[in-house]
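A short write-up of the structure that comes next.
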Amino acid sequence: MAGIYVHIPFCASRCNYCAFYSNANMSHDTQKAYADSVIEELTARRNEIYDTVSTIYFGGGTPSQLTTELLGKLLDTITHNYNIAPEPEITIECNPEDLSGQYLAALHSIGFNRLSMGVQTFDNSLLTLLHRRHDSLRAQQAVHDAQHAGFNNITIDLMYGLPEQTEELLRKDINTAISLPIKHLSAYCLTYEPYTALDTLRRQGSVIETDDDTLNNYYDILVDTLAKAGFEQYETSNFAIHGYHSRHNSAYWTGGQYLGVGAAAHSYDGQRTRRWNISDIKRYIQRDRWYDGEVLTDNELYDEMVMLSLRQICGINLKQMSERFGTHMTQQCLTKAQQYISAGKLLHEAECLRVSHEGMKILDMITATLMA
Ligand code: SF4
């Protein structure tokens, strides 16, 4: 099964922690010209996908900055040019402030069946600090409105480790989230990305970075509270009611084939070729070329498998690792893993090597050790 990712690099304004490729305040004409280019790319590259497409994902940026007319044209292009599996997962990322009842109903009627909402926190002071445009009530109302419009599969993003976020505020955020009709939740620890406005504030001493002990405590609270509410953790940052794992992200993590279209989108052929589109809307619209690419070496493929598998609760499938890279690589991996297995940070169970709850707190270190 394959996936298609459509990147919509438009935002109403820039959040101060964000390093994604997007542009604020683009005119409707630019958005339309961009959508035309994406349609052309989807048509030109249709032969790159040889599997049935089971997931389609519109991400950004903020896809809900586009009209439903443009979004409908993009979806139609996909369904007309690709072999779509029965009951595909079709996700759109949205910001709460864009979501009127009418807009949500139109999104559902043109074919989206999964809604991903960028909430980050339900605390109004923290939302202001992050330069988000919605407030807590707007976000909660948008989730209810989405359900009312027919969305049964709603996911929200939360962040923890925000400056000035206390344990009490975090607990409030999680409890508010689980009181809503959502099936999935992604919770990311704030990272201070270089060159972002928030990172500048950190370097100036205007905001204080949360220390590791506090972050570990927050992670415990998050996993524990969500587990009690029936959300299975299936990846380090992702939690879902049973049966509602993100099929699209799971395809990324298991090395599946996906085509990414639009400025700055990435593609992978499911074998060893990775491609990335130009990160510039104007040049993308002028279409001097669609992408650059690289062919991954065995060591790079092995590292990718280690990195992506360890993030998942099911871990590394050692049988698959041996089939793909040989038993000597698997043995080498297990030898390097031994120190973490002895410390209880990695669990070796039959054909599986997976990170324990405590190990997730030092995931980067474990991953770096196990790489080729
Ligand atoms: S809305 Fe999302 S993509 Fe846009 S600036 Fe904010 S975090 Fe970044």
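Each residue takes its place number in the sequence, starting with 1. Remember, it's 1-based here, ligands and their atoms both numbered in the order they're listed.
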For [atom], what is the nearest protein heavy atom, given as residue, atom name and distance?
atom                    : answer
atom 6 (Fe) of ligand 1 : C15 SG, 2.3 Å
atom 3 (S) of ligand 1  : G61 N, 3.4 Å
atom 7 (S) of ligand 1  : Y17 OH, 3.4 Å
atom 8 (Fe) of ligand 1 : C18 SG, 2.3 Å
atom 2 (Fe) of ligand 1 : R132 NH1, 4.1 Å
atom 1 (S) of ligand 1  : N95 ND2, 3.2 Å

Hey, does M1 have a side-chain heavy atom less than 4.5 Å from the side chain of D51? no
Minimal non-hydrogen separation, L310 against V355, with atom names: O-CG2, 3.6 Å
Keeping the roles fixed (side chain from Y218, backbone from E167), state whether a donor-acceptor pair exists under 3.5 Å. yes
Is E349 salt-bridged to R354, cutoff N-O under 4.0 Å? yes
So for C11 against ligand 1, with non-hydrogen atoms under 4.0 Å, the contacting part is side chain
Relative to the heavy atoms of T62, which atoms of ligand 1 are at a distance of less than 4.0 Å? 1 (S), 4 (Fe)
Counting each atom of ligand 1 from 1 as listed, which ones have a heavy atom of R14 under 4.0 Å away? 5 (S)
Parallel, tilted or perpendicular: which fits the ring planes of F58 and F112, with parallel below 30° and perpendicular above 60°? perpendicular
Side-chain donor-acceptor pair present, S116, T91, cut-off under 3.5 Å: no
Verify the distance criterion only: is there a donor paired with an acceptor across the side chains of H266 and Y268 at less than 3.5 Å? no
